[in-house]
Amino acid sequence: MTTGVDVRDILELGGGESENTGTINKKDILNSDKKKSKKSSETLTFKRPEGMHREVYALLYSDKKDAPPLLPSDTTQGYRTVKAKLGSKKVRPWKWMPFTNPARKDGAMFYHWRRAAEEGKDYPFARFNKTVQVPVYSEQEYQMYLHDDAWTKAETDHLFDLARRFDLRFVVIHDRYDHQQFKKRSVEDLKERYYHICAKLANVRATPGSDLKIPVFDAGHERRRKEQLERLYNRTPEQVAEEEYLIQELRKIEARKKEREKRTQDLQKLITAADTTTEQRRAERKAPKKKLPQKKESEKPAVPETAGIKFPDFKSAGVTLRSQRMKLPSSVGQKKIKALEQMLMELGVDLNPMPTEEIVQMFNELRSDLVLLYELKQAFANCEYELQMLRHRYEALAKAGGASTGGSMEGGAHADGQAGLGAEEGKSDGKEQIIDVVGAPLTPNSGATVTVL
């Protein structure tokens with residue numbers, strides 16, 4: 001015998017009040033369709049497939065399951081297609097009507113589509129027609145202030161008429177200028193005459209105490225500028241290549257000059273450091289037992305960073321080994337370390353002595369002095385090499401100058417031709433030598449070759 005629970009299970013009915021009693025009510029049977037439809041609607045929900053991002057799924061479906069739009073929209077309703085909302089108002093009528101442009105002086109008539117409510121109004125784009133205010137002068141003003149012997153009044157009037165017609169486009173004015181009736185003028189001449197008259201009229205008509213904005217035109221500067229541009233444009237490929245070569249050589253000269261200045265500063269620092277160290281040693285020898293009064297930090301001599309080796313101070317808390325004070329800092333290069341070890345071996349000093357307090361201090365001072373001596377020797381060798389290089393080049397230039405001078409004093413037509421050729425060769429050689437002198441390497445280890453003529 002079936003029970004109420006079985007019946008509810010067959011009819012897919014949820015538990016209600018009848019679940020406890022075990023009987024079927026009329027309400028459960030009548031409401032069974034609604035519950036089924038509700039459950040069926042819940043099962044129709046679309047789930048996002050696995051692996052698909054939320055943004056991609058939102059592009060495919062919206063809340064109402066509408067199809068995605070074909071074109072992007074700027075509405076605030078997401079990806080929903082907005083339906084057109086048509087009102088009950090009438091569409092504004094358009095009319096094919098004639099119009100005239102106030103910017104034109106010929107009174108030409110044109111036609112276009114326009115709203116019927118705008119009939120009779122001015123052409124809206126006429127406000128963009130901007131004209132240049134060209135000054136107007138009278139006969140009396142011309143005779144008193146503007147008269148020029150190189151310009152006639154008819155020619156000046158023709159110039160100002162073209163300036164009004166073409167809005168001070170002087171290239172067009174020069175093209176339309178009547179060169180047959182009047183004297184042939186350049187663009188700079190036309191500009192100079194026009195701006196000279198404008199400046200003169202501004203000075204004459206200005207009220208006393210007012211700020212004047214007088215236009216100034218330098219015709220000579222403009223002619224030189226155009227001439228330079230024309231020369232620049234008419235350069236040959238050989239001239240362009242030569243200019244690029246000279247620019248590169250100039251950059252090299254500047255770089256070597258900066259390097260030379262830097263080496264001079266380093267050398268000066270080394271000399272100052274050597275003098276300071278020597279004075280300190282002498283002061284310590286004169287008073288070895290007396291304790292020197294401690295000087296303030298401001299009274300300490302300013303020792304450069306390149307003065308030997310600057311050992312770090314161990315002021316951290318805790319136990320430290322005294323031998324750590326003998327380790328060379330990382331700022332010392334491998335080349336200096338090898339040279340320092342070789343110098344210590346030549347002096348017969350142990351590379352790792354017993355680290356007592358006195359030995360550590362003296363050993364560090366000795367290595368600092370040895371490094372300073374090594375740097376001074378290198379600087380001296382560089383200066384000696386530079387001196388030899390400059391001496392050889394000076395002798396070569398002196399010989400080349402003497403040869404060119406002697407060749408120019410020979411007589412005869414054949415001798416003159418040979419002398420001219422020798423002078424040209426001397427000039428070209430002198431140019432190469434000058435470039436080599438300025439760009440000569442400053443160190444003997446740079447691997448550069450020296451050519452002496």
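Atom set for the values below is all heavy atoms of this structure, side chains included, hydrogens, waters and symmetry mates excluded.
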K.L.:
Assess whether side chain to side chain contact (heavy atoms under 4.5 Å, CB included) is satisfied between Asn101 and Asn129, documenting all intermediate values.
P.N.:
CA-CA 10 Å; Asn101 189 355; Asn129 182 47; over 6 Å; no

K.L.:
What residues, two or more places apart in sequence or in another chain, satisfy ring pair (Phe, Tyr, Trp, His ring centres under 6.0 Å) together with Tyr123?
P.N.:
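For Tyr123, the residues satisfying ring pair (Phe, Tyr, Trp, His ring centres under 6.0 Å) (neighbours in sequence not counted) are Phe99, Phe125.
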
K.L.:
Are side-chain heavy atoms of Leu340 and Val332 found at a separation under 4.5 Å?
P.N.:
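Not touching, per the 4.5 Å side-chain cut-off.
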
K.L.:
Residues in salt bridge (charged side-chain N to carboxylate O under 4.0 Å, His left out) with Asp148, at least two apart?
P.N.:
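Scan of Asp148 (salt bridge (charged side-chain N to carboxylate O under 4.0 Å, His left out), adjacent residues dropped) gives Arg193.
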
K.L.:
For residues 195-206, please give each side-chain donor-acceptor pair under 3.5 Å, one per line with the distance, not counting sequence neighbours.
P.N.:
from   : atom 1 : to     : atom 2 : distance (Å)
Asn203 : ND2    : Ala199 : O      : 3.3
Arg205 : NH2    : Val136 : O      : 2.5
Arg205 : NH2    : Glu141 : OE1    : 2.9

K.L.:
Just to verify, what does Arg169 make a salt bridge (charged side-chain N to carboxylate O under 4.0 Å, His left out) with, not counting sequence neighbours?
P.N.:
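With neighbours one apart ignored, the set is Asp167.
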
K.L.:
Kindly write out the residues that satisfy side chain to side chain donor-acceptor pair (under 3.5 Å) with Tyr374, not counting sequence neighbours, or none if the list is empty.
P.N.:
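If we apply the side chain to side chain donor-acceptor pair (under 3.5 Å) test to Tyr374, skipping adjacent residues, the hits are Gln378.
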
K.L.:
A side-chain contact here means heavy atoms from C-beta on lying under 4.5 Å apart; do Trp151 and Leu159 qualify?
P.N.:
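Counting from C-beta outward, Trp151 and Leu159 do come under 4.5 Å.
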
K.L.:
Heavy-atom distance under 4.5 Å between the side chains of Arg367 and Val371, does that happen here?
P.N.:
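Arg367 does not reach Val371 side chain to side chain.
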
K.L.:
Aromatic ring centroids of Tyr145 and Tyr137 under 6.0 Å?
P.N.:
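Tyr145 vs Tyr137: aromatic centres not under 6.0 Å.
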
K.L.:
My understanding is that only residues two or more places apart in sequence, or in another chain, count here; which of them pass ring pair (Phe, Tyr, Trp, His ring centres under 6.0 Å) with Phe363?
P.N.:
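Expected list: none.
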
K.L.:
Determine, step by step, whether Tyr194 and Leu168 satisfy the side chain to side chain contact (heavy atoms under 4.5 Å, CB included) criterion, reporting the C-alpha distance in whole Å, the side-chain angles of both residues, the deciding distance to 0.1 Å, and the verdict.
P.N.:
CA-CA 10 Å; Tyr194 174 79; Leu168 298 184; 3.4 Å; yes

K.L.:
Output all residues satisfying ring pair (Phe, Tyr, Trp, His ring centres under 6.0 Å) with Tyr233, sequence neighbours left out; order by chain, then residue number.
P.N.:
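Tyr233 satisfies ring pair (Phe, Tyr, Trp, His ring centres under 6.0 Å) with no other residue.
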
K.L.:
At their closest point, which heavy atom of Glu155 faces which heavy atom of Ala150, and how far apart are they?
P.N.:
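Looking at all heavy atoms of both residues, the closest pair is OE1-O, 4.4 Å.
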
K.L.:
Might you confirm whether atom NZ of Lys226 has over 12 heavy atoms from other residues, nucleotides or ligands at distances under 6.0 Å?
P.N.:
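Yes, enclosed.
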
K.L.:
Can you tell me how far apart CZ (Phe170) and CG (Asp175) are? Round to the nearest 0.5 Å.
P.N.:
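Nearest 0.5 Å value for the CZ-CG distance: 14.5 Å.
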
K.L.:
What residues form a ring pair (Phe, Tyr, Trp, His ring centres under 6.0 Å) with His179, not counting sequence neighbours?
P.N.:
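Scan of His179 (ring pair (Phe, Tyr, Trp, His ring centres under 6.0 Å), adjacent residues dropped) gives His174, Tyr177.
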
K.L.:
From Thr156 OG1 over to Asp161 CG, what is the distance, rounded to the nearest 0.5 angstrom?
P.N.:
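If I round to the nearest 0.5 Å, the distance is 12.5 Å.
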
K.L.:
If you look only at pairs with a residue in residues 213-224, which of them pass as a side chain to side chain donor-acceptor pair (under 3.5 Å), with sequence neighbours excluded?
P.N.:
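Sorted result for residues 213-224: Asp189-Arg223, Glu222-Arg225.
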
K.L.:
Under the salt bridge (charged side-chain N to carboxylate O under 4.0 Å, His left out) test, which residues partner Lys191, sequence neighbours left out?
P.N.:
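With neighbours one apart ignored, the set is empty.
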
K.L.:
Check the pair Glu259, Arg263 against salt bridge (charged side-chain N to carboxylate O under 4.0 Å, His left out), reporting the backbone distance first and the verdict last.
P.N.:
CA-CA 6 Å; Glu259 185 179 0; Arg263 292 185 177 181; 2.7 Å; yes

K.L.:
Any side-chain to backbone donor/acceptor pair from Arg235 onto Leu232? Under 3.5 Å, distance only.
P.N.:
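Checking the backbone N and O of Leu232 against the side chain of Arg235, a donor-acceptor pair under 3.5 Å is found.
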
K.L.:
Thinking salt bridges, do Glu386 and Arg260 make one under a 4.0 Å N-O criterion?
P.N.:
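Salt bridge absent between Glu386 and Arg260.
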
K.L.:
Could you give the distance from CG (Asn364) to CD1 (Ile359), rounded to the nearest 0.5 Å?
P.N.:
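Rounded to the nearest 0.5 Å, the CG-CD1 separation comes out at 11.5 Å.
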
K.L.:
Starting from the C-alpha separation in whole Å, work towards a yes-or-no answer on side chain to side chain contact (heavy atoms under 4.5 Å, CB included) for Ile271 and Leu267.
P.N.:
CA-CA 6 Å; Ile271 295 173; Leu267 181 61; 4.2 Å; yes

K.L.:
Scan residues 336-345 for pairs that pass side chain to side chain donor-acceptor pair (under 3.5 Å), counting only residues two or more places apart or in two chains.
P.N.:
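Qualifying pairs, neighbours excluded: Lys336-Glu375.
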
K.L.:
Measure the spacing between CD1 of Ile173 and CZ of Arg165 and express it to the nearest 0.5 Å.
P.N.:
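Taking CD1 in Ile173 and CZ in Arg165, the distance rounds to 10.0 Å.
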
K.L.:
With rounding to the nearest 0.5 angstrom, report the CG to CG distance, Leu250 to Leu246.
P.N.:
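Answer for the CG-CG pair, Leu250 versus Leu246, is 8.5 Å.
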
K.L.:
Going by the rule salt bridge (charged side-chain N to carboxylate O under 4.0 Å, His left out), which residues pair with Glu227 if we only count those two or more places apart in sequence or in a different chain?
P.N.:
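So Glu227 forms a salt bridge (charged side-chain N to carboxylate O under 4.0 Å, His left out) with Arg231.
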
